[in-house]
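Quick caveat, the model's predicted, so the values are computed rather than measured.
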Amino acid sequence: MIVQDGINGLLTPVDDVGALADALATMMSDPQRRAQMGQSAQQVVDRFSLDTILMQWDNLFSELG
């Protein structure tokens, strides 16, 4: 739900060291892809920031109010 494979990060199977090594090699060899994923990842950080989450809680409590 948070990490979207190939969009804002790379997902690998648990305990699959080879897949992790491949993902790391892919990212290390492709600066443009790293930059694009980094920008996409920043949107996730913003979406789950403390301010955003607290505002959602405030809105919920106001609706229930």
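Linking Ile, Leu, Val, Met, Phe, Trp and Tyr residues whenever their side-chain heavy atoms come within less than 4.5 Å leaves Met55 and Leu50 in two separate clusters.
Counting non-hydrogen atoms of neighbouring residues, nucleotides and ligands closer than 6.0 angstrom, the CG atom of Asp15 reaches no more than 12 such neighbours. By the neighbour-count criterion of 12 heavy atoms within 6.0 Å, atom CD of Gln56 is densely surrounded, having more than that number from other residues, nucleotides or ligands.
For Gln4, there are no side chain to side chain donor-acceptor pair (under 3.5 Å) partners at least two apart in sequence or on another chain. Partners of Asp46 by side chain to side chain donor-acceptor pair (under 3.5 Å), not counting sequence neighbours, listed by chain and number: Gln42. With sequence neighbours excluded, no residue forms a side chain to side chain donor-acceptor pair (under 3.5 Å) with Thr12.
Once rounded to the nearest 0.5 Å, the distance linking CG of Asn59 with CG of Leu54 reads 11.0 Å. If you take CZ on Arg33 and OG1 on Thr26, they are separated by 6.0 Å, rounding to the nearest 0.5 Å.
Contact annotation: the side chain of Met37 never approaches that of Ile7 to less than 4.5 Å [non-hydrogen atoms, C-beta and beyond].
Minimum heavy-atom separation, Met27 to Arg34: O-NH1, 2.6 Å. The minimum heavy-atom distance linking Ile2 with Arg47 is given by the pair CA-NH2, 4.4 Å. Across every non-hydrogen atom of Val3 and Leu10, the tightest pair is CG1-N, 4.5 Å.
With a 4.5 Å cut-off between side-chain heavy atoms of Ile, Leu, Val, Met, Phe, Trp and Tyr, the cluster of Val17 takes in none.
Side-chain atoms of Ser49 never come within 3.5 Å of backbone atoms of Val45 as a donor-acceptor pair (strictly under, hydrogens ignored).
For residues 6-39, no residue pair satisfies the ring pair (Phe, Tyr, Trp, His ring centres under 6.0 Å) rule, not counting sequence neighbours. The list of ring pair (Phe, Tyr, Trp, His ring centres under 6.0 Å) pairs with a residue in residues 39-59, not counting sequence neighbours, reads Trp57-Phe61.
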